[in-house]
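Working notes for the structure below.
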Amino acid sequence: MAIGSRLRRAPSIRGRLLVYLLLPLVLLLVASVWADHKTFVTPLYDAFDRALSHTAVAIAAHLERGQDGQLRLEKQEFGPPLHLPGTEPPPPPDDVFGDHDKPPEHFVARNGPAVWRRLFPGARDSFLYRISLPDGRTVVGDEGLPIAQDNSAIDFSFGDATYKQQALRIASYRTQVDGQPVIVTVGETVNRRTHAVRRLDTIIGLSDGIQLLLVLGLCLFGITVALRPINRLRERITHRQPQSLQPLPLEPVPSEVRPLVQSLNTLLVTVRDAAQAQQHFLTNAAHQLRTPLTGLKAQLEVLASETNDEAQQERIARLHGSVDRLAHTANQLLALARAEPSAHSPGDFTDVQLEALIGTVADAMLDRAIAREIDLGAECAPAHVRGVHWLLHELLINLVDNAIRHTPEGGRITLRCGLHGGAAYLEVEDSGPGIPPAERERVRERFYSTTGGGGQSSGLGLAIVEEIARGHHARFQILDALEGTGARMQVTFPPKAAQE
């Protein structure tokens, strides 16, 4: 049972191909997600940095020097710096743009509502600014806001910083206001950046995952289509008759499997040749034995007619019996050779009526039964099977012969056929001593025989029955008699649907 379980759990070619494809595809998915992340996140960060630089430019564009030399915004001195109370910035102070409760129209027209929203964002991000001089003095804004590292090649420099326990992205814009160098630094929290990157990574992961599933589906479909010739070969082998030893055709077989099929064909041819050689040997041996045995019997009959000595007559009778048994054994050997499954082809199977077969055998064995005062009867119901007629005839002859040998004088033998549970059966029941359960398997073996009840047998009768039943996919059982002592030999054929 353990070996069978291991065989059933053996991985298939389809499973192995999927495993071998899945590992590189998963690695490709990881590499693709990483590459897409790098490809899309960098431009996304650049877009956020450009928006931050536009904010710095917008602030610098509204700076001017007043009559007192102080920098002002729209003719007003910058008010107190915006603070960073978590994520909710305060509303813009009224004095930033004078008496207006909203940015002036020319500011919105020049910079657009997006810049205004960037200056004073909603609840998602907080905004800080600082206007300082090159020597580090703060003109206006949050003095603690760090300045991005200077890069002389460009006017803008960007950097990351941590301020008031929050991560910031800062941009510093180096410009001049009326000839005065100033540095406009703006900073914002990275909440929107982080949220956007997470959403982008989620979309990329889902997109690449769906592509992986589609590729796996296509691979599974391709593997299924590619394995169809192998599946057809398997079905062809499965549906072959067990006794068929003909080579398998090579035309529809893929090149990868062709060497295996060729090796299998070589094995089939070897087994077929060996079986045929064995059959030819047994057939020739049986035929060669018949001629000298027939001559020996004739000489014994002549010798018995020429002598009147009772002792000699007794010896001649024993010799005659031995020759008869030897001839019977030769015939049994020939029948056994012909009963091999490889000795007949599927074309030999025809529709056999079991009740007609019982009538033919009963007529042939009636004289032997009468000679031993045995009541030979039949109880038949209509039944038919697919089989080789002469083999089933040989099977029934051997069963009746075995019953006659082991049934005492005055006994009875009953031949039966019919249907039981949709399956046809043949039965031969006798009133002999029966067969002990311990020996019911051994009597099926070749050349194993029991004594009693009418003499010795060659030990091949039930072996022939077993071989013929196996060739017809039938089940041969040795049972107790339905009434009294004796044995009941039953051959149960498979249901008609299974035979077809």
Side-chain angles (χ1 to χ4, degrees), residues 30 33-62 73 78-94 96-97 101-103 107-108 110-132 138 140-151 154-174 183-209:
V30 174
V33 170
W34 180 83
D36 290 343
H37 174 85
K38 292 297 183 181
T39 301
F40 293 109
V41 168
T42 300
L44 180 65
Y45 279 172
D46 291 342
F48 275 103
D49 287 346
R50 284 195 300 271
L52 196 60
S53 66
H54 292 164
T55 303
V57 171
I59 293 176
H62 291 79
L73 180 62
F78 251 48
L82 298 176
H83 63 284
L84 191 64
T87 58
E88 184 70 27
D94 294 337
V96 173
F97 293 101
D101 58 355
K102 61 180 180 178
F107 183 89
V108 176
R110 183 189 304 174
N111 300 283
V115 175
W116 173 250
R117 288 195 298 269
R118 294 290 299 173
L119 280 171
F120 305 103
R124 289 182 297 176
D125 267 324
S126 297
F127 176 80
L128 291 168
Y129 73 93
R130 177 187 179 187
I131 301 174
S132 59
T138 300
V140 66
D142 199 317
E143 295 184 2
L145 183 65
I147 299 174
Q149 185 177 0
D150 185 17
N151 186 343
I154 58 176
D155 295 334
F156 286 96
S157 57
F158 299 90
D160 297 317
T162 301
Y163 181 61
K164 294 184 180 182
Q165 298 181 351
Q166 293 204 37
L168 297 177
R169 181 66 173 174
I170 57 177
S172 295
Y173 175 44
R174 292 166 176 80
I183 302 175
V184 179
T185 301
V186 293
E188 66 175 352
T189 53
V190 295
N191 297 332
R192 286 193 296 179
R193 294 173 183 248
T194 303
H195 180 68
V197 170
R198 288 177 180 174
R199 290 189 61 185
L200 181 62
D201 287 342
T202 301
I203 294 173
I204 291 174
L206 289 176
S207 175
D208 291 350

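Below, each value reflects all heavy atoms present in this structure, side chains not excepted, and no hydrogens, waters or symmetry copies. Predicted model only: the values in this text are computed from it and were never measured.
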Please round to the nearest 0.5 Å and tell me the distance separating atom [atom1] of [X] and atom [atom2] of [Y].
X: Ile131; Y: Leu145; atom1: CD1; atom2: CG; result: 11.5 Å
X: Trp34; Y: Asp201; atom1: CH2; atom2: CG; result: 13.0 Å
X: Thr162; Y: Leu168; atom1: OG1; atom2: CG; result: 7.5 Å
X: Thr138; Y: Ile147; atom1: OG1; atom2: CD1; result: 7.0 Å
X: His37; Y: Thr42; atom1: NE2; atom2: OG1; result: 7.5 Å

Can you check side-chain contact (heavy atoms from CB on, under 4.5 Å) on Asp142 and Tyr163, steps first, answer last?
CA-CA 11 Å; Asp142 199 317; Tyr163 181 61; 2.5 Å; yes
Check [X] against [Y] and note the closest heavy-atom contact, atom names and distance.
X: Ala148; Y: Arg174; value: O-NH2, 3.0 Å
X: Pro146; Y: Ile170; value: O-CD1, 3.6 Å
X: Val186; Y: Ala56; value: CG2-CB, 4.0 Å

Residue list, side chain to side chain contact (heavy atoms under 4.5 Å, CB included) with Ala167, at least two apart or on another chain:
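So Ala167 forms a side chain to side chain contact (heavy atoms under 4.5 Å, CB included) with Val190.
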Please check: side-chain N/O of Ser172 versus main-chain N/O of Ser157, any donor-acceptor pairing under 3.5 Å?
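A pair under 3.5 Å: no.
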Testing Val140, Val184, Ile183 for side chain to side chain contact (heavy atoms under 4.5 Å, CB included) with Ser132, which one passes?
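Output: one option passes, namely Ile183.
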Hey, could you give me each pair passing salt bridge (Lys or Arg N to Asp or Glu O under 4.0 Å) that has a residue in residues 38-59? Not counting sequence neighbours.
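The answer is Asp49-Arg169, Asp49-Arg193.
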List the atom pairs, donor and acceptor, that lie under 3.5 Å between side-chain atoms in residues 202-209 and the rest of the protein, sequence neighbours left out.
{"residue": "Thr202", "atom": "OG1", "partner": "Arg198", "partner atom": "O", "Å": "2.8"}
{"residue": "Ser207", "atom": "OG", "partner": "Gln211", "partner atom": "NE2", "Å": "3.4"}
{"residue": "Asp208", "atom": "OD2", "partner": "Ser32", "partner atom": "OG", "Å": "3.1"}

Just jot down the side-chain hydrogen bond (donor to acceptor under 3.5 Å, both in side chains) partners of Thr194, sequence neighbours excluded, or say none.
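side-chain hydrogen bond (donor to acceptor under 3.5 Å, both in side chains) check on Thr194 returns nothing, list empty.
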